[in-house]
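The chains referred to below are lettered A, B, ... by the order of the sequence lines, with proteins before strands, and numbering in each begins at 1.
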Amino acid sequence: MKDESFKLDQRHDSAVKHVTGRAEYADDIPEPAGTLHAYLGLSTRAHAKLLSVDLSAVRGAAGVVGVLTAGDIPGENDVSPTGRNDEPIFATDKVEFWGQPMFAVVAETRDAARRAALLAKVDYEDLPHTLDAAEARAQGGDYVTPPLKLERGDVAPALAAAEHRIKGQMRVGGQDHMYLEGHIAFAIPGEDDDVSIHSSTQHPSEAQHMVARVLGLNSSDVTINVRRMGGGFGGKETQMNLFCAVAALAAKKWNRAVKIRPDRDDDMSATGKRHDFVIDYDVAFDGEGKIQALEGNFAARCGFSSDLSGPVTDRALFHADNAYYYPNVLLHSHPMKTNTVSNTAFRGFGGPQGVIAAERIMEEIAYALNKDTLEIRRANFYGTEDRNVTPYHQTVEDNIMPRIIDELEASADYQARRNAVLAHNAKGGITRKGIALTPVKFGISFTATWYNQAGSLVHIYNDGSIALNHGGTEMGQGLNTKVAQIAADAFGVDFERIKITKTTTEKVPNTSATAASSGSDLNGMAALDGCEQIKARLVEFACQHWQAKPEDIRFANNLVYIGADTVAFPDFIKQAYMARVQLSAAGFYKTPKIHWDRETGKGRPFYYFAYGASCSEVTIDTLTGEYSVDRTDILHDVGQSLNAQLDIGQVEGAFIQGMGWLTTEELWWDKQGQLRTHAPSTYKIPLASDRPREFNVALADWSVNREKTIKRSKAVGEPPFMLGISVFEALSMAVASVADYTVCPRLDAPATPERVLMAVDRLQDRG
Amino acid sequence: MTPRTEIRFMLNGRNVYLSDISASDTLLDYLRLNQRLTGTKEGCAEGDCGACTILVGRFHQGNLRYEAVNACIRLMASLDRCHVVTIEYLSGPQGRLHPVQQAMVEHHGSQCGFCTPGFVMSLYALWMQNPDPSETEIETALQGNLCRCTGYAPIIRAAKAITSYGSAAHDVLITEREGITRNLSALEDNRRVELVKDNSRAILPADVDDLAQALLEYPQATLVAGATDVGLWVTKFLRDISPVIFLNHLDGLKQIISDGSGISIGSGVSYSDCGKVLCETYPHLSAFWDRIAGWQIRNMGTIGGNVANGSPIGDMPPVLIALGGEITLRRGTERRSLPIEEYFIDYGKQDLAEGEFLEQITIPKPQAANLHAAYKISKRRDEDISSVCAAFNVSVDDGIITSARIAFGGMAATPKRASAAEAALLGAPFSEATLIKAAAKLAEDFTPLSDWRASAEYRLKVAQNLFRRFYLEHSETGADARLVQA
């Protein structure tokens, strides 16, 4: 299947720079003389009229050069990524969340700017605030963006006629990205209207367009550069736009380089997070546990503006089926406006919140019928020939879930271990165990169809060295490594011959966010297209020069094989150059087959699906709610892997991040609407010691993407995030043991030790 | 003797003499902004993520020892006579990777790479102490390092394989140890250091007597030992902490004396330095100890600081109160001692006079018949602040409880004994029923708060359940009473 030259264990192209501290992040770039530093002034009210904002003390503080308010914006005071004009850079007449920027102060040092920002005297008139989605919905609150309805079959009669019916509610918490490198933008003014910005953004093109809009310039005046990010996870897709705009505004106003980098507390208070959801479900099923009908309402805390809440809440509905067939289904999204920071993209993009609802429903059915949750899951999986249409009317054509589940069940020794767990719990001790095997099916493609395009720029210099540029951004996932592997493979040269340059809007225009797991699918194909264009010219040249036939020409082992002759790649390129062959190409790719009609709720939003499953075993302490993850086994589908080591790294990392979302990572707002978990001292992501004590991760190496993706691989960034659900469900089973598995624990997420203990208590009272 | 007006330290391969620094200047800013050593990263500026981990070498009982610490909350003045080692110093002169770095590369231990220099430095510190660590030892060394990309598995794999990528033969801190030791010794002149810049004053007393004197001169001074709390006053609250008196170079506050009567610990002893002695004497602290903060913080933070700052959520006070510990406070040449629980008057208010400082903590030797336990309940197992911290010290004679000292953190405005619950235990048989009955009394002892760490309801519930755990652990049937990680 694969060319032998394709190194599946090729390490990250920056690995040596990472471990030596020589990898350059935006804050490490040498600053030109006279660089200034900006800092944001943030609101300290959740919802209030701004009666007056007195910045005289700010202006007068030591080292301050000036301040920026809405009045200093030559273009639009708005960074809404969807053009809804609901997200000002600087609040004017009112503030709508605690931590909303009202102004920026620019000073000679970051420290001076940061101190000065606290000196503003703001006169607020408090307005009533709503913090939570359920509260907003109960009050008949506003939507920040139009809701979505997905419908198939006839739900009402099927619900009424069913043998069993359960209504319930689940609360699923949000999540902070906690990228180790926070937000940062560093703007350097140029001649005329030019401004060039180094930033840590996943979406350079959008940042470019947004800066131009805010400054009243053309996009061609603005350049965004991204060498690498210190993590993104969706948190730097739209959220960096504001920082880029503020840095650019100040750089143009004072004609000096300007950097803005918030402290971690301000970063977490002022930028969006994963949406938390309140999910109401009404499910009907038969005695075997097969679902007959499902109605679901998905209310999300969107915050004060729309940002990406439309596509995020849409994707929650797209994944509310996870891997299961619903014969009759009706799903509604409720993107609620709240007086909190505007929530945004985060790995999975609403999908995990849909998937976990499906898994809660599996639990409800299993505990109601006193069966193993895995048996209920199997009863409801999509079929291959029938029972294979999703709530959005896309047919599941590539269902490999049954094989994934069967293989994992065997390799994890699920049945025997489940029996051992039941036996342990039957002793009635203080510690209880749980085990769960949960599936993931995840749709790949941006649901905004036009986003599914990518470009590249490939140059071969006349010494045979190759420079490769594409529109994707490197945030740690190894995208540049994979794309360079593709180019090296195309030209049959060593990986080291490919120079991967920073992402810049000067080289590839109108790119999409590096998001939706699409990085290598889109950019890999675009890079390949660029390489193939050059190769076609090289083949044509070789045919003429050596009087050969195209089929006799092969690029491999740093050589060009022309019939019986071989020429070293650099020599061959030199000759091509001398013969005036164009050695540069712009590649392009757009994903085929996909279409989506949001009005009717029908289409094929996804090119294909990625699959996976995980099995976790946990122990809980029923006196304190503390727990440990004793073992996790994972089998995940990445099609034909482009780089198995990078893919396993994505699977392992996503699993732990997903586990963190559902266990210790808790966002906590006080009654005034201030987020009080705004730094790692109060917001707890997993540590090394939280890893499963035994952790077995494998790729389903037999899987071949049936669609013509790059080397038949599949996207990997987001799908494995939802593998963390097995930990959550195992915790739930351990809790259920105290009431002999007859009551669904209805554990809400995150399952902190407190929630686990409270659930134990609730079930003990009932049991 | 006139004070010295500069600090002297080594930064990687050279000596640095600095007088132009403020009391609140941090090492991280100095490295990144002043020296352009940008391999050390800022992730949180509060000592919780480890991206800024560097090594600080200093003399400990005559030997040069290197410890992983957080540069973000390490105040510059405290580096006098230290050797600061950053990631830039780790690779060999020809750019040859250190075995720690090579292992990380080969095992795909980095993804975004931002946390990586910090992980490398923590693993480097571990490797110097223990080249062949167990998985648990690796996890303990990495408690203070967050990674959001890898899920840690490849980092652990790398850490286990370091020795296969080279030996200590090329390690610069090992091969040049003698020269570094000589060089650092030459920086010492036994003088007080006073750094004055604008309105800021930083004082490093020459010895403990000089500390007592300096506090009389500057009774309002901020006392800084490990800076693990004060560091955040600077980085998070932008508070002016001047004048500052630094303690952590004072050998006179670093004594640990263990004799027949008990253990006395100087107030400048770090967690890392006294863990071994304390846990050997009081084995019930072993499982508790490594859950206090992360490794870098345990290397910096002091027991004295944890008591002196009066926090209701410090982990040491409940433990020390339960053990019957006393503190010695000193002002000038006068000393007084009091039981630790009496030091805590109210939230933010301690029994500490102007010019007075905490000099020593004494803990009586263990009574053979006593039953001990120390529990920490937190959202995350490691490197988290307690929701509830509990310590038990109960003596049972012939089946009857004859004394009980039970103290809690996180349950009130101060660390506090559970008096009503203790009273309910005295004279009663040591049984599950007795412990459950006493636990019910906790509702009289405490009215805990709800906050982001835990609700009041959970705090009270857990505190009560810990009474039951305490009984079960000390009874025949209690093997299964507690979640134990392998």
>> Quick check against the 3.5 Å criterion: does B:Tyr458 have a side-chain atom that pairs as donor or acceptor with the backbone of A:Leu757?
In response: no
>> When you measure from the side chain of B:Arg380 to the backbone of A:Pro686, do you find a donor-acceptor pair of N or O atoms at a distance under 3.5 Å?
In response: no
> Where does A:Ala23 contact chain B at under 4.5 Å (heavy atoms): side chain, backbone, both or neither?
Replying inline: backbone
> What part of B:Ala45 gets closer than 4.5 Å to chain A, counting heavy atoms only: side chain, backbone, both or neither?
Replying inline: side chain
> A:His12, A:Met475, A:Met659, A:Gln657: which one forms the most heavy-atom pairs within less than 4.5 Å of chain B?
Replying inline: A:Gln657
> Do the side chains of A:Val16 and B:Gln101 get nearer than 4.5 Å, heavy atoms only?
Replying inline: no
>> Counting only non-hydrogen atoms closer than 4.5 Å, does A:Arg115 touch chain B with its backbone (N, CA, C, O), its side chain (CB onward), both, or neither?
In response: both
> With a 4.5 Å limit on heavy-atom distance, are the side chains of B:Cys112 and A:Met229 in contact?
Replying inline: no
> Is the backbone of B:Ile377 close enough, under 3.5 Å, to the side chain of A:Glu626 for a donor and an acceptor to pair up by distance?
Replying inline: no
>> Please give me the minimum heavy-atom distance between B:Asp384 and A:Ser681, naming the atom from each residue.
In response: OD1-O, 4.3 Å
>> Just verifying a value: how many Å separate A:Arg11 CZ and B:His107 NE2, rounded to the nearest 0.5 Å?
In response: 12.0 Å
> Any side-chain donor paired with an acceptor under 3.5 Å for B:Thr116 and A:His18?
Replying inline: no
>> For the interface with chain B, which of A:Asp111, A:Asp630, A:Asp265 has the highest count of heavy-atom pairs at distances below 4.5 Å?
In response: A:Asp265
> Looking at A:Thr20, A:Leu646, A:Thr677, which one has more heavy-atom pairs under 4.5 Å with chain B than the rest?
Replying inline: A:Thr20
>> Taking side chain as everything from C-beta outward and backbone as N, CA, C, O, which of these in A:Ile29 sits under 4.5 Å from a heavy atom of chain B? Side chain, backbone, both or neither.
In response: backbone
> Any donor and acceptor pair, going by atom type alone, linking the side chain of B:Gln111 with main-chain N or O of A:Gly649 inside 3.5 Å?
Replying inline: yes
> Quick one: of A:Leu687, A:Ile648, A:Leu180, A:Thr752, who has the most non-hydrogen atom pairs under 4.5 Å with chain B?
Replying inline: A:Leu687
> For chain A, which of B:Glu135, B:Met104, B:His108 has the most heavy-atom pairs under 4.5 Å?
Replying inline: B:His108
> So what's closer than 4.5 Å to chain B heavy atoms on A:Glu694: side chain, backbone, both or neither?
Replying inline: neither
>> Evaluate B:Arg36 against A:Glu24 for salt bridge (Lys or Arg N to Asp or Glu O under 4.0 Å), listing each step before the verdict.
In response: CA-CA 12 Å; B:Arg36 293 248 346 120; A:Glu24 202 172 70; 5.4 Å; no
> Which pair of heavy atoms, one from B:Ala153 and one from A:Phe695, lies closest together, and at what distance?
Replying inline: CB-CD2, 4.2 Å
> chain A heavy atoms under 4.5 Å from B:Thr140: which part of the residue, side chain, backbone, both or neither?
Replying inline: neither
>> Do B:Tyr152 and A:Ser689 have side chains that approach each other closer than 4.5 Å (heavy atoms only, starting at C-beta)?
In response: no
> Do A:Arg264 side-chain atoms and B:Gly43 backbone N/O form a donor-acceptor pair below 3.5 Å?
Replying inline: yes
> Would A:Arg22 and B:Thr38 count as a side-chain contact (heavy atoms from CB on, under 4.5 Å) if you check the C-alpha gap in whole Å, the side-chain angles of each, and the deciding distance to 0.1 Å?
Replying inline: CA-CA 8 Å; A:Arg22 292 200 296 266; B:Thr38 54; over 6 Å; no
>> Just verifying a value: how many Å separate B:Asp451 CG and A:Arg676 CZ, rounded to the nearest 0.5 Å?
In response: 8.0 Å
> Of the backbone (N, CA, C, O) and the side chain (C-beta and beyond), which part of B:Ile156 lies under 4.5 Å from a heavy atom of chain A, both, or neither?
Replying inline: side chain
> Could you give the distance from CD (A:Glu31) to CG (B:Leu33), rounded to the nearest 0.5 Å?
Replying inline: 7.5 Å
> Of all of A:Leu118, A:Asp761, A:Asp670, which one pairs up most often with chain B through heavy atoms under 4.5 Å apart?
Replying inline: A:Asp761
> Do you know which of B:Leu142, B:Val462, B:Leu90, B:Leu146 has the most heavy-atom pairs with chain A at a distance under 4.5 angstrom?
Replying inline: B:Leu146
>> What part of B:Val120 gets within 4.5 angstrom of chain A, counting heavy atoms only: side chain, backbone, both, or neither?
In response: side chain
> Do the side chains of A:Val19 and B:His98 get nearer than 4.5 Å, heavy atoms only?
Replying inline: no
>> Can you tell me which portion of B:Ser91 sits under 4.5 Å from chain A's heavy atoms? Options are side chain, backbone, both or neither.
In response: side chain
> So does A:Arg755 pair up with B:Glu457, basic N to acidic O under 4.0 Å?
Replying inline: no
> For B:Leu466, is it the side chain, the backbone, both, or neither that has a heavy atom closer than 4.5 Å to a heavy atom of chain A?
Replying inline: side chain
> What part of A:Pro30 is in contact with chain B, defined as an atom under 4.5 angstrom from a non-hydrogen atom: side chain, backbone, both or neither?
Replying inline: both
>> Return the SG to OH distance between B:Cys115 and A:Tyr179, rounded to the nearest 0.5 Å.
In response: 16.0 Å
>> With a 4.5 angstrom heavy-atom cut-off, is it the side chain or the backbone of A:Arg261 that approaches chain B, or both, or neither?
In response: side chain
>> At a 4.5 Å cut-off on heavy atoms, which part of B:Thr235 comes close to chain A: side chain, backbone, both, or neither?
In response: backbone
> Under a 4.5 Å heavy-atom cutoff, which of B:Gly39, B:Gly294, B:Ser110 has the most pairs with chain A?
Replying inline: B:Ser110
> Relative to chain A, which segment of B:Glu42 carries a heavy atom at a distance below 4.5 Å: side chain, backbone, both, or neither?
Replying inline: both
> Who among B:Arg459, B:Gln102, B:Arg157, B:Glu106 has the most heavy-atom pairs with chain A under 4.5 Å?
Replying inline: B:Arg157
>> Heavy-atom cut-off 4.5 Å, strictly under: side chain, backbone, both or neither for B:Asn145 against chain A?
In response: backbone
>> Between A:Asp263 and B:Lys236, is the salt bridge (Lys or Arg N to Asp or Glu O under 4.0 Å) condition met? List the steps.
In response: CA-CA 8 Å; A:Asp263 181 68; B:Lys236 294 294 167 179; 2.8 Å; yes
> Which atom names give the shortest non-hydrogen contact between B:Ser378 and A:Pro753, and what distance separates them?
Replying inline: O-CG, 3.8 Å
>> Donor-acceptor pair, distance only, cut-off 3.5 Å: does the side chain of B:Arg148 make one with the backbone of A:Gly653?
In response: no
>> I'd like to check A:Thr682 versus B:Arg453 (side-chain heavy atoms, cut-off strictly below 4.5 Å). Are they in contact?
In response: yes
>> Looking at chain B, which one of A:Thr481, A:Ile656, A:Asp621, A:Leu623 has the largest number of heavy-atom pairs inside 4.5 Å, strictly under?
In response: A:Leu623
> Between B:Leu97 and chain A, which part of the residue has a heavy atom less than 4.5 Å away: side chain, backbone, both or neither?
Replying inline: side chain
>> So, taking the atom named SG in B:Cys149 and the one named CZ in A:Phe233, what distance separates them when rounded to the nearest 0.5 Å?
In response: 3.5 Å
> Does B:Glu383 come within less than 4.0 Å of A:Lys684, counting only side-chain N to carboxylate O?
Replying inline: no
>> Determine whether B:Arg32 and A:Asp28 satisfy the following criterion, salt bridge (Lys or Arg N to Asp or Glu O under 4.0 Å), listing intermediate values before the conclusion.
In response: CA-CA 8 Å; B:Arg32 290 188 58 84; A:Asp28 302 334; 2.6 Å; yes
> Which of these passes side chain to side chain donor-acceptor pair (under 3.5 Å) with B:Lys379: A:Glu665, A:Glu754, A:Glu666?
Replying inline: A:Glu666
